[in-house]
Protein chains: 2
Amino acid sequence: MEVSGISTIKDVAKYTGLSIATISKYINGGNVLEENRRMIQEAIDVLDYRRNEIARGLKTNKTMTIGVLLPSLENIFFTSIVSIIEGILQQKGYGTIICDFKEDPTLERKKLEFLLNKHVDGIIMVSYSKEKEHIQALLDKKIPIILLDRMIKGLECDIVLADNLNASYQAVEELIIRKHRRIGIICGPDHTYTAEERKKGYVRVHHDYDVTIDDKLIRNGDYTVESGYQALVDLWKMEHPPSSILVTNYEMTIGAIMAVNDLNIRIPDDLSLIGFDNIQMAKVVRPPLSIVEQPMKEIGETAAKLMLKRLNNDYGDFPEVYRLKTNVHIKESVSTNI
Amino acid sequence: MEVSGISTIKDVAKYTGLSIATISKYINGGNVLEENRRMIQEAIDVLDYRRNEIARGLKTNKTMTIGVLLPSLENIFFTSIVSIIEGILQQKGYGTIICDFKEDPTLERKKLEFLLNKHVDGIIMVSYSKEKEHIQALLDKKIPIILLDRMIKGLECDIVLADNLNASYQAVEELIIRKHRRIGIICGPDHTYTAEERKKGYVRVHHDYDVTIDDKLIRNGDYTVESGYQALVDLWKMEHPPSSILVTNYEMTIGAIMAVNDLNIRIPDDLSLIGFDNIQMAKVVRPPLSIVEQPMKEIGETAAKLMLKRLNNDYGDFPEVYRLKTNVHIKESVSTNI
DNA sequence: TTGTAAGCGTTATCAC
DNA sequence: GTGATAACGCTTACAA
């Protein structure tokens, strides 16, 4: 017997001669006579019946889907996190609906709206928006939201992110330990959470080691390849260029390396360099690049598990803030300053 | 008036004093008295009503979601494609449920099953499986499937992929034109569609230019970084090493570059090198790496539009096969052989 | 253990 | 133009 189309409980009921309720009970693990058990299972196999989660959701008021809203799907930092999240949620029966807002706050709003219309059971998101109202509105509606990667001031919300401040603190510390005293930093745009945190770390470690800061060594990029390139050129062309530079995201790191190549700067003889985020790339450039590595896997795991907890209606410790530790890998691109 | 929870048509009906049917009609663009129009819209705004797509799907037998099943979310080639697909589908109201099978054929089956249980309206997938039965089963059920990146022999299915054969043909052609006669190639695993196609291109262009092939110059990796590294080392340690090498995917390209660095091979003086897929990385290594670039954007666009067409029940020209052209970017990593 | 029937939020078909 | 009402596939009391 072959099937056309998709079969329902009704079909299984017809096939077995039992009632819909009995089939439903069997499916949900209830007690059914051994004989009926066999018949039902046979019917299910033959008809290739699969429970319609949609109809089920109508009853249970769940869609068994989680929305994941990201600035970009072309950024390995985010997609690695999604990969982990998807795997964990899937094991619990949740589908992951992905939305990429192309780093455009307007699109962010639109896609958030879209996810709501899809009635996702929860949302995990990286927000670029400075406002908090739209997110607060969701919290008020008791829709579980988990923020990733950046904080929004004054918003009481679960959040999972890297310890950005100590990430740059430790990276710069490695440079200071190696006798560097003029340390450049290529920051992200002002008023951006991660950028501000990373700058704070730079400042704090200077204070802790009692090293004077030359403000001219602090450059703002905008997290793009081009801005990283330009910032490195600017730093290099200074009257007193730095002996080492920390670049604070992946794209700008790429730009900085391109500039280093174009300017024929010898790493680490002329300049020590520490980049951000992409371990794989760090291995292929020469000499091997020192890198600040964010704990993508841990971020994803933590976020997924926290989401599961909230879905389970466990709001203990709300809001929870996980600030996960980064790793600094010092490679040959950093030398001791003479 | 503030809302708690989520409101339904019923709530809007109560608020306005009209019937559910009328509200539904308004929502779906039917004719309603101007006065009622206003009232209803007001109610919708106040109550923040949004149509429950789940309930709607129960009626229309659509979930307005598309499953995207991929080998990996840590591969920029795939995620760039997803980014495009998601954008296009979203504009038409479709959510994109993503599944990453971690390059594990068992997981592939499981997650495909998962997507079916979620009753997605269509599936776009990159399959690693050699069997075709499970996909054929879906086609029989009239669930739109679009295959990406690789063909499955003997399966009548819509498919969108890069012209892998001519990709390697053209890359090797560039080397032959530059007087290279011993050209190494680091292939993917045998019996893998893309790998076989890329090898065919290598062979064909040799024939077309009447260049003898030394089988020892053809190495099989398994598309991992490590295998790329090892294959390059092996090629280099040959009695008569090649004067140029084509590496046929991104991961192996990374491995090859690492080997080049470790062996202190001068590019392009000692060896000309062409890699695959990641344009951004090609810019940061030194000298700039020549690259075969696959048309990710076009692949995503084509797949999404074809899916939309099938969802629209337009099965004209089924099955359609799009074999999209790649680009070879020759940079300083390739020199003319002396 | 099994079956009946109500209800989840929509849409669609009828009367009115 | 509007409003009952049945139906979509499922879960879940409750009755048998």
Side-chain angles (χ1 to χ4, degrees), chain A residues 3-41 43-44 47-65 93 95 116-121 141 143, chain B residues 3-41 43-44 47-65 93 95 116-121 141 143:
Chain A
V3 208
S4 66
I6 288 163
S7 29
T8 69
I9 283 197
K10 212 171 176 177
D11 299 321
V12 178
K14 265 189 200 129
Y15 185 101
T16 56
L18 296 165
S19 80
I20 289 181
T22 307
I23 314 293
S24 174
K25 197 173 298 166
Y26 169 79
I27 291 168
N28 293 297
N31 271 341
V32 173
L33 280 187
E34 181 52 31
E35 191 192 332
N36 291 337
R37 256 193 138 60
R38 279 204 340 272
M39 276 177 58
I40 297 176
Q41 191 52 56
I44 289 180
L47 301 171
D48 191 26
Y49 165 80
R50 39 191 91 228
R51 170 211 267 152
N52 186 332
E53 298 237 19
I54 310 312
R56 181 163 205 256
L58 194 51
K59 265 316 258 194
T60 59
N61 215 358
K62 301 224 165 311
T63 57
M64 295 304 281
T65 56
L116 290 178
N117 284 330
K118 286 252 167 292
H119 285 241
V120 292
D121 295 336
K141 287 199 181 181
I143 299 172
Chain B
V3 207
S4 67
I6 288 163
S7 30
T8 68
I9 284 197
K10 212 171 177 178
D11 299 320
V12 178
K14 266 190 200 129
Y15 186 101
T16 56
L18 295 166
S19 80
I20 289 182
T22 307
I23 313 293
S24 174
K25 197 174 297 168
Y26 169 79
I27 291 169
N28 292 297
N31 270 343
V32 173
L33 280 187
E34 182 52 33
E35 191 191 330
N36 290 337
R37 254 192 143 58
R38 279 205 340 273
M39 277 176 57
I40 297 175
Q41 191 52 56
I44 288 179
L47 300 171
D48 191 25
Y49 165 80
R50 38 192 93 226
R51 168 209 268 155
N52 186 332
E53 299 237 19
I54 310 312
R56 181 161 204 255
L58 193 52
K59 271 309 267 192
T60 59
N61 216 356
K62 302 223 165 311
T63 57
M64 295 304 281
T65 56
L116 290 177
N117 285 330
K118 285 252 168 293
H119 285 242
V120 293
D121 294 337
K141 287 199 180 181
I143 300 172

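Protein chains get the first letters and strands the later ones, always in sequence-line order, with residue 1 at the start of each. Remember, it's a predicted structure, so these values are computed and weren't measured experimentally.
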Practice task
Nearest whole angstrom, please: distance from the P of C/dG3 to the NZ of A/K14.
Solution key: 15 Å

Exercise for the section: Determine: side-chain N/O of A/S19 to OP1/OP2 of C/dG3, distance under 4.0 Å, yes or no. Expected result: yes

Exercise for the section: Answer with base, sugar-phosphate or nothing: what part of the nucleic acid does B/L18 contact at a heavy-atom distance below 4.0 Å? Expected result: sugar-phosphate

Practice task
Check whether any side-chain heavy atom of B/V12 lies under 4.5 Å from a side-chain heavy atom of B/Y26, and answer yes or no.
Solution key: no

Handout entry: Of the listed nucleotides D/dG1, D/dG3, D/dT11, the one nearest the side chain of B/T22
Key = D/dG3

Handout entry: Closest listed nucleotide, where the reference is the side chain of B/S24 and the choices are D/dA4, C/dT11, C/dG3
Key = C/dT11

Problem - Listed nucleotide nearest any side-chain atom of B/A21, set D/dG3, D/dC10, D/dT2 - result: D/dG3

Practice task
Tell me which of A/K25 and B/I9 sits closer to the 5' end of DNA chain C, going by the nucleotide each one is nearest to.
Solution key: A/K25

Exercise for the section: Give the rounded distance in Å between these two atoms: NE2 of B/H119 and P of D/dC8. Expected result: 15 Å

Handout entry: Length of the line joining B/I27:CD1 and D/dT2:P, which is rounded to integer Å
Key = 14 Å

Practice task
Kindly say whether A/I20 contributes a backbone atom to a donor-acceptor pair with the side chain of A/S24 at under 3.5 angstrom?
Solution key: no

Exercise for the section: Evaluate the side-chain proximity of B/I9 to B/I27: yes if any heavy-atom separation is below 4.5 Å, no if none is. Expected result: yes

Completion exercise
Regarding the side chain of B/R51, the nearest nucleotide among C/dT11, C/dT1, D/dT2 is C/dT11

Practice task
Whole angstrom is fine here: how far is it from CG in B/N31 over to C1' in D/dG3?
Solution key: 16 Å

Problem - Candidates D/dC8, D/dC10, C/dT11 - which lies nearest the side chain of B/N28 - result: C/dT11

Exercise for the section: Please examine the side chains of A/I143 and A/L116, heavy atoms only from C-beta on, and report whether any two atoms are closer than 4.5 Å. Expected result: yes

Completion exercise
note: B/I40, atom CD1; D/dT2, atom P; distance rounded to Å ~ 7 Å

Practice task
Report the distance from atom CG of B/L47 to atom P of C/dG9, rounded to the nearest whole Å.
Solution key: 14 Å

Handout entry: 4.5 Å side-chain heavy-atom contact, B/V32 and B/L18
Key = no

Practice task
Give, for atom OG1 of B/T22 and atom CG of B/N36, the distance between the pair rounded to the nearest 0.5 Å.
Solution key: 7.5 Å

Practice task
Would you classify A/Y49 as touching base, sugar-phosphate or nothing, given that sugar-phosphate means primed atoms plus P, OP1 and OP2, and contacts are heavy atoms under 4.0 Å?
Solution key: sugar-phosphate

Problem - Atom-to-atom span, CD1 of B/I20 to P of C/dA12 - whole angstrom - result: 15 Å

Problem - Contact residues, residues 52-65 of chain B to DNA chain D [heavy atom, < 4.0 Å] - result: B/L58, B/K59

Problem - Distance in angstrom units between A/I23 CD1 and D/dG9 C1', rounded - result: 13 Å

Problem - Heavy-atom pair with the smallest gap, counting every atom of A/R51 and B/H119 - result: O-NE2, 3.6 Å

